[in-house]
Number of protein chains: 2
Amino acid sequence: MSTIVVNPHITDAEWEVMRVVWANGRVTSKEIISILKEKMDWKPATIKTLLGRLVEKGVLNTEQEGRKFIYTTNIEEKEAVGNYTDDIFNRICRKNVGNVVGSIIEDHVLSFDDIQRLEEILEMKKAFAVEEVDCQCTEGQCECHLHHHGG
Amino acid sequence: MSTIVVNPHITDAEWEVMRVVWANGRVTSKEIISILKEKMDWKPATIKTLLGRLVEKGVLNTEQEGRKFIYTTNIEEKEAVGNYTDDIFNRICRKNVGNVVGSIIEDHVLSFDDIQRLEEILEMKKAFAVEEVDCQCTEGQCECHLHHHGG
DNA sequence: CATTTACGTTTACGCATGTAGACAATAAGG
DNA sequence: CCTTATTGTCTACATGCGTAAACGTAAATG
């Protein structure tokens, strides 16, 4: 039984549905519709479409239970979030990752525990830190190469 | 002179073009086409379309210089990246921001300087840290509320 | 058993996006 | 001045996405 899980794109609208599935584990369309009723100004049909697409893409599973279907996820939230964050960091120069992380931290509220955990992670990262991060950008797509052709 | 800069969406393809503009400041379409020639398997026409759309959206400026146009950005990279990162953090529970940042750090190479800078930022954040981050999710979209209705 | 209700599937449609050819205008060169 | 090359604009088209109505089918209910 090999569950092949690829990396399908979860769109904005679909993500709203996925959050409900991730938070609740086993849900019916009815529950999802009810939970999203207020936040999203969607007709039930809209959610049904999204569910259909998510099943089609293999992001969600269905098990028929009596007359209704139970939806479960094939992709954990952590994984989906990871894919999403990877997208960002593929859009910037690697040399810049530290700065972007810095900005993220500055812009968000953290708990004491969060901070402590992050400090621990940083402590561990020191063992693998480099003098200068390697720029992997195509020449002309980041400033790192500027000194190569004297601008 | 008030430069009103909104927050238009920069698509994946457009981003490739923007990176060239951000890295080089003042560029012609010819330069962009040349820089992206190998990385993206695009016909020159494709880049022209993207440039047109970016100008239309107000992301890029054009100044006519002789026969050709010089493209310059209206939106700094940092800002665009910020918009992008905000998207992610709007997709997850605030309580989870710390963990996501932790994963990002774990997954990327950092320099000693990066780590030190991040440590400094964390140090400063301690002054504003909270005991527990406030969950702002719609009920049913994250696990924080689970204990409210005993599931 | 007939009717109503609930739920998934099919169809629909406009706008965004990736990709690019065709066309127009203008500068350069002969 | 006419031809050619260059560069921006217009048009095109398939697919993805947001949004939703219509439809079919099966379960619940009377």
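Below, chains carry the letters A, B, ... as their sequence lines are ordered, and counting in each starts from 1.
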Near-strand residues of residues 44-56 of chain A, defined as heavy-atom separation under 4.0 angstrom from DNA chain C: K48(A), R53(A)
Under the side-chain hydrogen bond (donor to acceptor under 3.5 Å, both in side chains) rule, collect the residues that match up with [X], sequence neighbours excluded.
X	answer
K78(B)	S103(A)
E76(A)	none
D134(A)	Q136(A)
K95(A)	E132(A)

Fellow cluster residues of I70(A), listed by chain then number, with links counted only when side-chain atoms sit under 4.5 Å apart: none
Across nucleotides 24-30 of chain D, 5' to 3', mark each nucleotide with B, S or - according to how protein heavy atoms within less than 4.0 Å reach it. ---SS--
Pull out every protein N or O sitting under 3.5 Å from an N or O of nucleotides 3-5 of chain D, one pair per line with the distance.
none

Could you work out, with ring pair (Phe, Tyr, Trp, His ring centres under 6.0 Å) as the rule, every residue matching Y84(A), not counting sequence neighbours? W15(A)
Side chains of residues 104-113 of chain B: which donor-acceptor partners sit under 3.5 Å, not counting sequence neighbours?
residue: H108(B); atom: ND1; partner: I104(B); partner atom: O; Å: 2.8
residue: S111(B); atom: OG; partner: D113(B); partner atom: N; Å: 3.4
residue: S111(B); atom: OG; partner: D114(B); partner atom: N; Å: 2.9
residue: S111(B); atom: OG; partner: D114(B); partner atom: OD2; Å: 3.2

Terminal contacting nucleotides, 5' and 3', DNA chain C versus chain B (heavy atom, 4.0 Å): dT17(C) to dA28(C)
Taking five pairs at each end of the helix from dC1(C)-dG30(D) to dG30(C)-dC1(D), what angle separates the two helix axes (nearest 10°)? 10°
